[in-house]
Number of protein chains: 2
Amino acid sequence: MADYPPVYVTVDVVVLTIRDDTLQALAIRRGGPPYKGRWALPGGFVQQREDLPDAARRELAEETGIEVEPAHLEQLGSYGAPRRDPRPDRIISVAYLAVLPDLPDPVGGTDAASAHWVPIDELTARPLAFDHAEILADGLERARAKLEYSPLATAFCGDRFTIGQLRRVYEVVWSARLDPSNFHRKVTGAEGFVVPTGERATGGRGRPAELYQRGSATVLHPAILR
Amino acid sequence: MADYPPVYVTVDVVVLTIRDDTLQALAIRRGGPPYKGRWALPGGFVQQREDLPDAARRELAEETGIEVEPAHLEQLGSYGAPRRDPRPDRIISVAYLAVLPDLPDPVGGTDAASAHWVPIDELTARPLAFDHAEILADGLERARAKLEYSPLATAFCGDRFTIGQLRRVYEVVWSARLDPSNFHRKVTGAEGFVVPTGERATGGRGRPAELYQRGSATVLHPAILR
DNA sequence: TCAAAAGTGTTGAAACTACACCCATGA
DNA sequence: TCATGGGTGTAGTTTCAACACTTTTGA
């Protein structure tokens with residue numbers, strides 16, 4: 001085994017949420033070299049006996065002060081180009097995609113370094129550290145694709161939501177307008193996507209909407225097409 | 001950096017092809033511990049300055065004697081459960097999916113260890129080394145899903161193929177019968193999936209079929225549904 | 001009373017399924 | 001001539017987009 005080169009393995013996490021009707025991602029301002037001052041994805045080294053998803057959850061909690069279990073966490077893939085980190089050691093990163101509902105409290109209340117929610121448009125407009133721009137782009141593409149055929153959109157909502165709130169998730173993530181009436185029919189018609197609670201939302205403008213919960217489906221039939 | 005635990009990184013490759021109207025995968029009989037005598041996926045350690053897809057291609061060539069560039073090569077994901085390898089070191093594997101056309105020459109003609117094409121049903125019926133059964137299952141699921149919305153099926157064919165040959169790829173991978181006439185219309189109607197060459201296949205039974213090449217599409221509109 | 005959001009009805013277009021039917025070859 | 005696989009036509013069904021319309025609230 002000593003014949004083979006050891007490498008260092010990190011996890012990096014694309015953490016998405018919707019705030020102020022905008023798709024945002026968690027980013028950390030790097031305080032030291034390399035790439036000092038640039039935005040980076042939250043992440044860090046995997047510990048010796050730690051499973052990869054656990055490492056992603058730990059980094060999310062440690063670096064950002066977020067205590068909640070993400071509503072969705074999946075592996076994006078591994079990034080291992082030989083010079084992706086300018087330091088001499090070989091560092092391979094396993095990237096994860098996490099999706100959270102809009103959190104009432106802002107991030108960074110603890111001694112978390114300097115994690116911030118940043119609108120996606122701002123984040124993709126400037127150069128990120130390492131290959132994090134590529135990882136972020138892959139995470140966005142994965143999220144956009146999964147809205148079609150999986151119930152991922154519910155991970156952006158709290159445990160109770162209206163069909164209108166769910167539609168706004170699709171509209172924000174896809175940057176598209178959707179017909180409210182057809183969307184309603186598709187979502188309530190997709191087996192196991194959402195289940196009505198019998199309660200109604202209060203306080204909004206217009207007719208109060210039925211409140212729904214996530215259903216048990218893992219794939220949507222039929223899909224919600226873009 | 002020395003504060004963090006180094007790990008060893010391998011690549012393992014799920015290599016699929018169709019031989020004798022059967023979906024088959026490349027497997028290697030392990031000659032030493034751990035898991036001596038069991039089937040395993042081809043793979044090995046990543047070298048110090050080697051990109052991950054290059055490592056997958058190198059292992060494919062070295063361990064199996066296959067010299068051709070696979071028609072399709074994509075990353076499946078990383079497998080890093082702490083005890084997935086019984087040896088004391090932490091070993092994380094990056095898995096790839098490769099798809100090849102039916103090769104005229106059998107594998108192992110060189111001094112390749114002992115790589116064999118094994119029908120999927122045989123391979124999934126017995127215990128594999130490490131977590132390779134899980135990796136194989138994930139690779140199969142990925143391939144089955146990608147037939148629907150990507151031109152992956154053409155990677156199982158040579159550079160010229162008939163619609164009937166392409167249909168047999170779908171039927172074998174999905175273990176399903178498809179209506180020949182409707183399949184023909186769907187495939188030729190999907191923008192950029194296949195382009196006619198003007199030539200015709202010879203030697204088969206029945207009316208000679210038009211020969212096609214892969215088109216330029218990367219996603220299929222509309223999809224070929226299961 | 002009006003604006004706004006929820007939700008239902010309806011209609012024409014598109015896609016899919018099933019299957020009848022013709023075509024062109026080898027045996 | 002017959003069996004076999006290639007390919008087109010067509011009719012009925014399902015799905016989907018567009019949009020008119022009703023419902024129910026807050027201002």
Side-chain angles (χ1 to χ4, degrees), chain A residues 18 21 147-149 153-154 157 160-172 174 176-213 217 219-226, chain B residues 18 21 147-149 153-154 157-158 160-172 174 176-213 215 217 219-226:
Chain A
I18 293 176
D21 262 348
L147 288 197
E148 290 199 17
Y149 61 88
T154 61
C157 301
R160 315 222 146 185
F161 50 87
T162 69
I163 301 295
Q165 288 165 351
L166 193 64
R167 176 166 49 83
R168 251 155 259 136
V169 171
Y170 277 86
E171 292 184 333
V172 165
W174 284 351
R177 308 226 123 252
L178 299 176
D179 182 290
S181 54
N182 291 334
F183 182 84
H184 187 281
R185 239 185 317 243
K186 283 198 221 178
V187 166
T188 53
E191 192 70 27
F193 188 5
V194 296
V195 296
T197 63
E199 297 169 53
R200 311 204 143 260
T202 67
R205 278 183 299 241
R207 171 175 163 182
E210 173 99 37
L211 282 168
Y212 289 81
Q213 300 176 302
V219 287
L220 301 185
H221 293 293
I224 314 292
L225 295 179
R226 227 174 298 195
Chain B
I18 293 176
D21 263 349
L147 288 198
E148 290 198 16
Y149 60 88
T154 61
C157 301
R160 317 225 145 181
F161 50 86
T162 68
I163 301 295
Q165 288 164 352
L166 193 64
R167 176 167 48 83
R168 251 155 258 138
V169 171
Y170 278 86
E171 292 185 333
V172 165
W174 284 350
R177 309 226 122 252
L178 299 176
D179 182 292
S181 55
N182 291 334
F183 182 84
H184 187 280
R185 239 183 317 241
K186 284 197 219 178
V187 165
T188 54
E191 192 71 27
F193 188 4
V194 295
V195 297
T197 64
E199 298 170 52
R200 313 204 141 260
T202 67
R205 278 183 298 241
R207 171 175 163 182
E210 173 100 38
L211 282 169
Y212 289 81
Q213 298 175 304
V219 288
L220 301 186
H221 292 293
I224 313 292
L225 295 179
R226 227 174 298 195

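Lettering follows sequence order; numbering is per chain, from 1. On a predicted model such as this, the values are computed, not experimentally measured, just so you know.
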*Asks:* Nearest heavy-atom pair of Glu210(B) and Thr197(B): which atoms, and what distance?
*Replies:*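 Shortest heavy-atom separation between Glu210(B) and Thr197(B) comes out as OE2-N, 3.8 Å.
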
*Asks:* Treat primed atoms plus P, OP1 and OP2 as sugar-phosphate and everything else as base, then score nucleotides 3-11 of chain D 5' to 3': B for base contact with protein heavy atoms under 4.0 Å, S for sugar-phosphate contact only, - for none.
*Replies:* -BBBSBBB-

*Asks:* Of the nucleotides dA17(D), dC19(D), dT17(C), which one has an atom closest to the side chain of Asp179(A)?
*Replies:*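 When the side chain of Asp179(A) is considered, dC19(D) is the closest of dA17(D), dC19(D), dT17(C).
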
*Asks:* Say you draw a straight line from CD of Glu199(A) to CD of Gln213(A); how long is it, rounded to the nearest 0.5 Å?
*Replies:* 8.0 Å

*Asks:* Does Tyr212(A) reach the side chain of Thr154(A), with side-chain heavy atoms less than 4.5 Å apart?
*Replies:*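 Heavy-atom side-chain distance check fails, nothing below 4.5 Å.
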
*Asks:* Provide, to the nearest angstrom, the distance between the CZ atom belonging to Arg226(A) and the C1' atom belonging to dC16(D).
*Replies:*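 The distance from CZ of Arg226(A) to C1' of dC16(D) comes to 17 Å, rounded to the nearest Å.
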
*Asks:* What's the spacing between Tyr149(B) OH and Leu225(B) CG if we round to 0.5 Å?
*Replies:* 13.0 Å

*Asks:* Please find the pair of heavy atoms, one from Gly215(B) and one from Val195(B), that lie closest to each other, and give the distance.
*Replies:* CA-CG1, 4.2 Å

*Asks:* Between P on dC19(D) and CZ on Arg177(A), what's the gap in Å once rounded to a whole number?
*Replies:* 15 Å

*Asks:* When you check the phosphate oxygens OP1 and OP2 of dT15(D), does a side-chain N or O of Lys186(A) lie under 4.0 Å from one of them?
*Replies:*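 It does not, given that no N or O in the side chain of Lys186(A) lies less than 4.0 Å from OP1 or OP2 of dT15(D).
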
*Asks:* Verify side-chain contact (heavy atoms from CB on, under 4.5 Å) between Leu147(B) and Ile224(B), making sure each step is shown before the conclusion.
*Replies:* CA-CA 7 Å; Leu147(B) 288 198; Ile224(B) 313 292; over 6 Å; no

*Asks:* Using a heavy-atom cut-off of under 4.0 Å over every strand shown, decide if Gly203(A) touches base, sugar-phosphate, or nothing.
*Replies:*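 Answer is nothing: Gly203(A) stays at 4.0 Å or more from every strand.
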
*Asks:* Leu225(A) has an atom CG; how far is it from atom P of dA18(D), in whole Å?
*Replies:*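 So the two atoms are 13 Å apart, to the nearest Å.
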
